[in-house]
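Note that ligands are numbered from 1 as they come in the structure, with each ligand's atoms numbered from 1 the same way.
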Amino acid sequence: MLKYYLYAIVPAFLLLSTFIWVVVSLIRRCKSWRIAAGIFAAEILILAIGYFVYFTPVEYARNYLDDPPPDPGSLADIANEKGFYIGAAVNMADNPEYRKLVPSEFNSVTPENYAKWRQLLVNDEIGNYDFSKADAIVDYAVEKGVRVRGHTLIWGKFSGRTYPKELDDRIANAKDPPTELRSIMREHIQTVMTHFQGRIPIWDVVNEPLSMDGVYLDKNIFLNTLGRSYIAESFRMAREADPSAQLFINEQFGNYTGELVELFFDLLEWLLEENVPIDGVGIQAHNIFKTHNLDEFRQFVERVADLGLLVEVTEFDARIRLFGEEPDPYRAQSDYMAEYARICIENPACIGFTVWGLSDASTWFDWVPPFNRMLPNDPLLFDVNLRPKPAYAKIRDALARRP
Ligand code: XIL
């Protein structure tokens with residue numbers, strides 16, 4: 001994220017400072033105004049070229065449309081047979097794709113936004129819940145016998161977005177901040193898990209505890225107030241709230257090796273030593289700026305499994321532009337997606353593979369800047385016309401071989 005902001009902030013800073021240089025040198029009648037104006041013009045030109053290159057939509061050949069379409073439903077059928085979850089994130093219950101693809105193609109769904117803390121609240125007011133949007137998604141799935149993944153209880157990354165802004169004020173003004181925070185967390189976890197008890201059997205209890213900027217835990221209000229024990233405590237509160245639910249920690253990794261990954265395993269080992277009730281690790285698997293090294297991914301999954309924990313790929317997507325240089329981008333993307341899924345499917349500890357959206361017409365990339373301007377994104381398993389991409393058949397074949 002920091003990198004992403006830098007892409008915007010650095011050019012803006014350069015432009016503004018050169019502009020000020022031009023204006024000041026003009027006011028002072030210095031000759032240097034020509035140099036400044038020249039640099040300013042060059043900056044504008046470079047930006048315009050960059051803008052053109054990045055923001056002009058491209059079209060890649062859809063060669064897969066020439067293949068015979070796979071049997072509909074074959075993926076969900078075999079997933080059900082194998083006790084594996086092929087899931088999709090669903091943003092709105094009234095998205096017509098939901099009824100078209102669930103339960104026929106997906107046997108698991110994750111509410112994309114409406115079970116998040118802030119999104120559950122009316123006017124961002126702590127304790128004032130409106131479950132209607134989440135309920136609509138969950139009830140349809142439950143009615144169809146489809147599993148729901150709960151996403152997510154405690155997520156400290158962005159104040160006012162991943163948790164209510166009011167929490168900052170409450171903690172800042174509290175006489176005893178740790179006690180106040182614990183009591184608000186417990187209340188939230190209790191309320192939400194009790195509300196969905198019997199309908200949501202698995203929860204991302206803590207989301208994205210790692211920092212995006214360095215080798216440390218995300219320095220959010222929970223960590224700052226309770227230290228890393230906020231993670232342990234969240235899991236204990238969750239087990240208490242619904243003892244039958246499976247409890248996951250969910251994280252996005254840019255790389256599956258390196259210091260940050262070691263920090264993550266230190267965290268897992270510490271949680272296990274402390275007998276914290278954690279059942280598994282959710283791996284988000286967004287491929288945003290680059291693809292991942294799949295050998296390293298395999299080893300990562302094995303390492304988690306060796307700890308006795310379950311694994312799920314919880315939020316897979318891979319922007320088609322990452323495959324733009326390949327002779328057949330959609331096929332290359334599908335090969336990559338299927339390989340990612342296969343690694344999970346082949347490990348008995350890995351219980352599900354969820355794509356972060358029902359189809360390419362419902363991907364968050366299409367509404368999040370700057371990707372909403374870098375079209376196409378097309379990062380998912382079904383295309384905009386709900387036609388399965390080639391990964392579909394490959395994932396089905398991998399599932400057929402799952403022990
Ligand atoms: C994203 C949603 O897809 C977007 O609609 C929303 O605007 C922001 O959040 N990691 C997570 C998900 O755990 O909850 C995020 O979902 C994507 C990154």
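Heavy-atom separations between Arg161 and ligand 1 are all 4.0 Å or longer.
By the criterion of a heavy-atom distance under 4.0 Å, neither the backbone nor the side chain of Gln252 is placed next to ligand 1. Under 4.0 angstrom from ligand 1, there are no non-hydrogen atoms of Asn91. In Asp204, neither the side chain nor the backbone holds a heavy atom less than 4.0 Å from any atom of ligand 1.
If you run side-chain contact (heavy atoms from CB on, under 4.5 Å) between Leu309 and each of Leu268, Ile249, Leu271, only Leu268 comes through.
For the residue pair Asn250 / Thr152, no side-chain donor-acceptor distance below 3.5 Å is found, with atom types taken as modelled. A side-chain donor-acceptor contact under 3.5 Å links Asn287 and Tyr336.
Judged by the 6.0 Å distance and 45° axis criteria, Arg319 is not positioned over the aromatic ring of Phe371. Judged by the 6.0 Å and 45° rule, Arg149 forms a cation-pi pair with Phe248.
With salt bridges taken as basic N to acidic carboxylate O contacts below 4.0 Å, none links Arg303 and Glu296. Between Lys116 and Asp204, no side-chain nitrogen of the basic residue sits less than 4.0 Å from a carboxylate oxygen of the acidic one, so the salt-bridge criterion is not met.
Each of the atoms 11 (C), 13 (O) of ligand 1 lies under 4.0 Å from some heavy atom of Asn207. Residue Glu112 approaches ligand 1 through these ligand atoms, each under 4.0 Å from one of its heavy atoms: 2 (C), 3 (O), 4 (C), 5 (O). With ligand atoms numbered from 1 in the order given, ligand 1 contributes 11 (C), 12 (C), 13 (O), 14 (O) to contacts under 4.0 Å with heavy atoms of His151.
Scanning the protein heavy atoms around atom 12 (C) of ligand 1, the nearest turns out to be Glu315 OE1, 3.3 Å. Nearest protein heavy-atom contact of atom 5 (O) of ligand 1 is Asn113 ND2, 2.9 Å. If you check which protein heavy atom lies closest to atom 15 (C) of ligand 1, you get Lys116 NZ, 3.8 Å.
For ligand 1, the polar-atom distance check against Asn250 finds no nitrogen or oxygen pair separated by under 3.5 Å.
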Test Glu105 against Tyr392 for side chain to side chain donor-acceptor pair (under 3.5 Å), laying out the working first. CA-CA 10 Å; Glu105 302 291 1; Tyr392 184 97; 2.5 Å; yes
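By heavy-atom distance, the residue among Trp367, Trp364, Trp155 lying nearest atom 17 (C) of ligand 1 is Trp364.
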